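Notes to accompany the following structure.
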Amino acid sequence: MSKTGAPRIDVPREAPARASLVLASLIIVAAVANLNLSVANVALPAIGKAFDSSQTALNLIAVGYSLGLAASVLYLGAVGDRHGRKLLLLLGVALSVPACLLAAYAPRDTVLVAARILGGLSAGMAYPTTLALITALWAGPARTKAIALWSALGGGISMLGPVIAGALLESFYWGSVFLITLPLAAVALVMASLFVPAHANESAEPVDNLGGTLSVFLVAGLVLAINFAAVPGQGSLVVGLAVIALGALLIFLMFPHRDAERELLRRYGTEDSARAATGRPSGPGT
């Protein structure tokens with residue numbers, strides 16, 4: 001109660017404590033993912049020459065990082081919402097270090113493909129979590145400004161990736177491009193550990209593990225099918241991947257997924273809209 005006897009209304013904070021340091025930490029974490037995503041294409045000619053790689057292998061090296069990121073982001077986002085976004089953030093940045101080292105010193109192109117997918121998985125843990133934390137920690141105009149800074153600086157850093165990689169390739173071997181982010185990852189780990197709040201509006205609801213697993217198969221199947229569609233002689237593989245993606249989608253639609261419905265409810269604003277979007281009937285008793 002206030003001195004005048006009126007009840008006190010707590011106004012939500014528009015920004016967290018030490019907001020500039022928190023935002024800088026999240027931008028640096030996102031920069032690790034942005035740089036790792038953009039450096040590989042510049043080195044593809046040198047990689048192909050070093051391993052005498054097929055075009056299929058080079059395609060997988062080029063899209064491996066995006067594949068790991070796209071396939072895991074939905075599921076891992078839900079895991080972070082439930083078990084702690086900061087924890088997932090730190091795990092993602094930490095995992096990027098061995099992924100980069102494995103890529104830089106890969107003895108074969110197949111190992112390099114696996115390393116790129118692993119790097120994408122680490123980005124799936126960290127990159128979208130940075131935006132989720134901004135949304136959870138900031139409110140109102142401050143949130144808009146924070147997202148604008150995150151987006152603008154992230155895009156600018158991403159554009160630096162090919163430039164830095166090209167400069168390195170002038171003097172060093174192809175694997176050097178995958179070592180660019182190691183110092184930045186160390187800084188990101190320290191800053192995120194010190195300044196990012198431990199908890200930020202995590203959900204108490206259980207993770208939809210079935211839906212998350214199906215989303216991995218759906219997105220991975222689609223990404224690979226699109227990638228191999230342009231490769232001669234890979235028609236059977238493309239059809240198989242498309243069938244996997246379609247099967248995952250059909251199974252997803254056959255079962256109710258409360259996590260997905262709750263997300264749609266937040267987006268569309270009414271329960272009937274959320275039910276309609278997930279294919280479930282609206283009305284009493286459903």
Side-chain angles (χ1 to χ4, degrees), residues 25-40 60 62-97 99-100 103 113-137 147 150-151 154-155 157-158 161 181 185 188 192 196 200-203 205-227 241 244-245 248-249 251-252 257-264 266-267 277-278:
S25 303
L26 297 177
I27 289 173
I28 293 174
V29 170
V32 173
N34 280 322
L35 283 175
N36 277 326
L37 178 63
S38 63
V39 296
L60 287 173
V63 304
Y65 197 90
S66 298
L67 173 64
L69 171 59
S72 64
V73 64
L74 295 176
Y75 190 15
L76 293 177
V79 171
D81 289 344
R82 175 63 181 86
H83 297 291
R85 297 187 181 102
K86 181 177 181 177
L87 174 62
L88 195 68
L89 186 83
L90 294 174
L91 287 175
V93 178
L95 184 60
S96 73
V97 174
C100 289
V113 171
R116 292 297 287 166
I117 294 174
L118 181 63
L121 179 64
S122 73
M125 295 179 180
Y127 183 73
T129 306
T130 60
L131 183 57
L133 282 165
I134 291 175
T135 303
L137 294 171
I147 292 175
W150 174 88
S151 179
I157 292 170
S158 179
T181 59
V196 176
N201 299 328
E202 283 90 1
S203 171
E205 300 292 340
V207 177
D208 182 4
N209 292 304
L210 174 60
T213 303
L214 290 172
S215 73
V216 172
F217 282 99
L218 170 61
V219 176
L222 277 177
V223 171
L224 289 173
I226 293 170
N227 180 67
L241 291 168
I244 291 174
L249 177 61
I251 295 172
F252 183 87
H257 297 280
R258 293 301 300 172
D259 285 356
E261 189 172 291
R262 278 189 293 271
E263 177 64 24
L264 289 165
R266 286 195 293 270
R267 292 186 181 183
T278 53

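Source: prediction; values computed, not measured.
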Nearest heavy-atom pair of Leu89 and Ala192: which atoms, and what distance? CD2-CB, 3.9 Å

Heavy atoms, side chains only, cut-off 4.5 Å: are Thr181 and Val97 in contact? no

Non-hydrogen atoms of Ala188 and Val93 that approach each other most closely: CB-CG1, 4.2 Å

Please report the shortest heavy-atom distance between Ser38 and Gly161, naming the atom on each side. OG-CA, 3.5 Å

Nearest heavy-atom pair of Val73 and Ala70: which atoms, and what distance? CG1-O, 3.5 Å

Who pairs with Ser72 by side-chain hydrogen bond (donor to acceptor under 3.5 Å, both in side chains), at least two apart in sequence or on another chain? none

Going by the rule side chain to side chain contact (heavy atoms under 4.5 Å, CB included), which residues pair with Ile117 if we only count those two or more places apart in sequence or in a different chain? Leu67, Val113

Return a table of donor-acceptor pairs under 3.5 angstrom between the side chains of residues 215-223 and protein atoms on other chains or two or more places apart.
| residue | atom | partner | partner atom | Å |
| --- | --- | --- | --- | --- |
| Ser215 | OG | Gly212 | O | 2.6 |

Which pairs pass side chain to side chain donor-acceptor pair (under 3.5 Å) with one or both residues in residues 123-132, sequence neighbours excluded? Thr130-Trp150

What are the two closest heavy atoms between Leu37 and Arg116, and how far apart are they? O-NH2, 3.9 Å

Spacing of Ser151 atom OG and Ile134 atom CD1 [to the nearest 0.5 Å]: 9.5 Å

Kindly indicate whether the side chain of Leu121, heavy atoms from C-beta on, has any atom under 4.5 Å from the side chain of Leu76. yes

Between Leu133 and Arg85, what is the shortest heavy-atom contact and its length? CD2-CB, 3.7 Å

For residues 26-35, tabulate all N or O donor-acceptor pairs below 3.5 Å that involve a side-chain atom, not counting sequence neighbours.
| residue | atom | partner | partner atom | Å |
| --- | --- | --- | --- | --- |
| Asn34 | ND2 | Ala30 | O | 3.3 |
| Asn34 | ND2 | Gly154 | O | 3.4 |

May I ask you to test the Leu95-Met125 pair for a side-chain heavy-atom distance under 4.5 Å? yes

side-chain hydrogen bond (donor to acceptor under 3.5 Å, both in side chains) with Ser122: which residues, sequence neighbours excluded? none

